[in-house]
Amino acid sequence: MPKRRQRAPARQAAALRSKCPIAGALDRVGDRWTLLVMRDLLFYDKRRFADFLGSPEGIATNILTERLQRLERCGLVERRRNRERPSREEYHPTPRGWDLAPLLRELIRWGQRHVPGTAKRPPAGVTPRALRLMRD
């Protein structure tokens with residue numbers, strides 16, 4: 001019988017490069033993909049790997065894998081196995097991940113004011129909960 005491959009233990013988040021809270025936050029979520037993954041989790045209820053690949057920005061599978069692992073290491077996302085057959089992994093925001101919602105809301109507002117061509121209204125598929133988060 002083949003041995004079952006064990007999952008490697010989760011790695012700790014990297015050490016801070018400075019004590020500046022902005023630098024620390026950017027070390028965790030400050031690349032071009034991470035906040036888009038969090039947007040999809042929080043505002044579109046995307047949960048499965050394939051769901052994220054369907055986003056219009058077109059993230060590559062290797063980058064998505066790395067970002068989901070990083071978000072899990074940082075405690076922003078929790079990976080769970082669903083109970084369906086075949087069993088699949090799903091990603092869910094943690095309370096720490098939900099704490100990013102106000103930041104995403106402000107980025108939306110800033111983009112609407114200062115980036116020509118961005119949507120002025122939420123697109124189809126945004127959850128009712130997300131609409132409330134955007135208004136608060």
Side-chain angles (χ1 to χ4, degrees):
M1 180 185 283
K3 279 191 173 184
R4 213 172 148 183
R5 209 169 92 186
Q6 292 186 351
R7 202 177 277 171
R11 291 179 277 170
Q12 295 294 320
L16 296 175
R17 59 186 158 139
S18 79
K19 293 194 180 276
C20 173
I22 295 172
L26 289 174
D27 287 344
R28 303 301 191 267
V29 297
D31 63 84
R32 73 186 285 186
W33 295 109
T34 302
L35 289 177
L36 294 175
V37 172
M38 290 305 300
R39 172 206 64 189
D40 287 351
L41 278 163
L42 300 178
F43 294 166
Y44 294 98
D45 280 340
K46 292 185 179 187
R47 296 290 179 253
R48 294 184 181 165
F49 193 86
D51 297 338
F52 297 105
L53 294 176
S55 294
E57 293 82 13
I59 189 169
T61 57
N62 61 322
I63 293 172
L64 178 57
T65 298
E66 195 283 325
R67 293 314 182 272
L68 288 167
Q69 289 171 349
R70 179 191 307 169
L71 289 167
E72 192 176 6
R73 281 193 311 269
C74 292
L76 299 170
V77 168
E78 176 181 79
R79 183 175 34 174
R80 302 180 197 158
R81 274 209 183 276
N82 69 20
R83 296 173 192 249
E84 298 173 12
R85 294 280 181 222
S87 180
R88 292 194 173 105
E89 291 184 338
E90 293 184 343
Y91 298 90
H92 296 267
T94 63
R96 180 184 282 185
W98 279 107
D99 284 348
L100 286 173
L103 171 69
L104 293 174
R105 181 184 62 234
E106 292 307 315
L107 280 173
I108 289 167
R109 290 177 180 164
W110 188 89
Q112 288 172 332
R113 280 195 304 269
H114 300 292
V115 181
T118 57
K120 302 300 181 199
R121 297 194 182 285
V126 173
T127 66
R129 182 179 188 175
L131 291 172
R132 285 191 304 278
L133 288 170
M134 289 179 200
R135 282 194 304 262
D136 291 342

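Note that the structure is predicted; figures quoted are calculated from it, not measured.
Between R79 and E72 there is a salt bridge, with a side-chain nitrogen of the basic residue lying less than 4.0 Å from a carboxylate oxygen of the acidic one. A salt bridge between R70 and D31 is present, with a side-chain N of the basic residue lying under 4.0 Å from a carboxylate O of the acidic one.
Here the CZ atom belonging to R113 is positioned 8.0 Å from the CZ atom belonging to R109, to the nearest 0.5 angstrom.
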Step by step, would you call R80 with E89 a side-chain contact (heavy atoms from CB on, under 4.5 Å)? CA-CA 5 Å; R80 302 180 197 158; E89 291 184 338; over 6 Å; no
Does the pair F49 and T65 meet the rule for a side-chain contact (heavy atoms from CB on, under 4.5 Å), with working shown? CA-CA 8 Å; F49 193 86; T65 298; 3.4 Å; yes
Name the atoms and distances for all side-chain donor-acceptor pairs under 3.5 Å in residues 50-61, with sequence neighbours left out.
{"unit_1": "D51", "atom_1": "OD2", "unit_2": "R47", "atom_2": "N", "d": "3.3"}
{"unit_1": "D51", "atom_1": "OD2", "unit_2": "R48", "atom_2": "N", "d": "3.0"}
{"unit_1": "S55", "atom_1": "OG", "unit_2": "D40", "atom_2": "OD2", "d": "2.4"}
{"unit_1": "S55", "atom_1": "OG", "unit_2": "K46", "atom_2": "NZ", "d": "2.7"}
{"unit_1": "S55", "atom_1": "OG", "unit_2": "F52", "atom_2": "O", "d": "3.3"}
{"unit_1": "E57", "atom_1": "OE1", "unit_2": "R39", "atom_2": "NH2", "d": "2.9"}
{"unit_1": "E57", "atom_1": "OE2", "unit_2": "R39", "atom_2": "NH1", "d": "2.8"}

Extract all donor-acceptor atom pairs below 3.5 Å that involve side chains of residues 117-124 and protein atoms in other chains or at least two apart in sequence.
{"unit_1": "T118", "atom_1": "OG1", "unit_2": "G111", "atom_2": "O", "d": "3.0"}
{"unit_1": "T118", "atom_1": "OG1", "unit_2": "V115", "atom_2": "O", "d": "2.9"}
{"unit_1": "K120", "atom_1": "NZ", "unit_2": "Q112", "atom_2": "O", "d": "2.4"}

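Annotation for V37 and L71: closest pair CG1-CD1, 3.7 Å, computed over non-hydrogen atoms. Taking both residues in full, the closest heavy atoms of M38 and V77 are given as SD-CG2, 3.9 Å, listed atom of the first, atom of the second, then distance. When all heavy atoms of L35 and L107 are compared, the closest pair comes out as CD1-CD1, 3.7 Å. Across all non-hydrogen atoms, the minimal contact from C74 to R28 is SG-CD, 3.3 Å. The two residues E90 and N82 have their closest heavy-atom pair at OE2-ND2, 3.6 Å. L42 approaches A130 most closely through the heavy-atom pair O-CB, 4.1 Å.
Qualifying side-chain hydrogen bond (donor to acceptor under 3.5 Å, both in side chains) partners for R88, counting only residues two or more places apart in sequence or in other chains: none.
Side-chain contact check for L41 versus Y91: some heavy-atom pair is nearer than 4.5 Å. Two residues are said to be in side-chain contact when any heavy atoms from C-beta on lie closer than 4.5 Å; L64 and W33 fail this criterion.
Residues L36 and L26 fall into different hydrophobic clusters, defined by Ile, Leu, Val, Met, Phe, Trp and Tyr side chains chained together at heavy-atom separations under 4.5 Å. Cluster annotation: L103 and W110 are assigned to distinct hydrophobic clusters (Ile/Leu/Val/Met/Phe/Trp/Tyr, side-chain heavy-atom contacts under 4.5 Å, transitive).
Figure legend: cation-pi geometry between R129 and W98, with NZ or CZ positioned under 6.0 Å from the six-membered ring centre and within 45° of its axis.
Annotation for R96: atom CZ does not count as buried by contact number, only 12 or fewer foreign heavy atoms lying within 6.0 Å. No more than 12 heavy atoms of other residues, nucleotides or ligands shown are found within 6.0 angstrom of CZ on R83.
At distances below 3.5 Å, at least one donor-acceptor pair connects side-chain atoms of T94 with backbone N or O atoms of L76.
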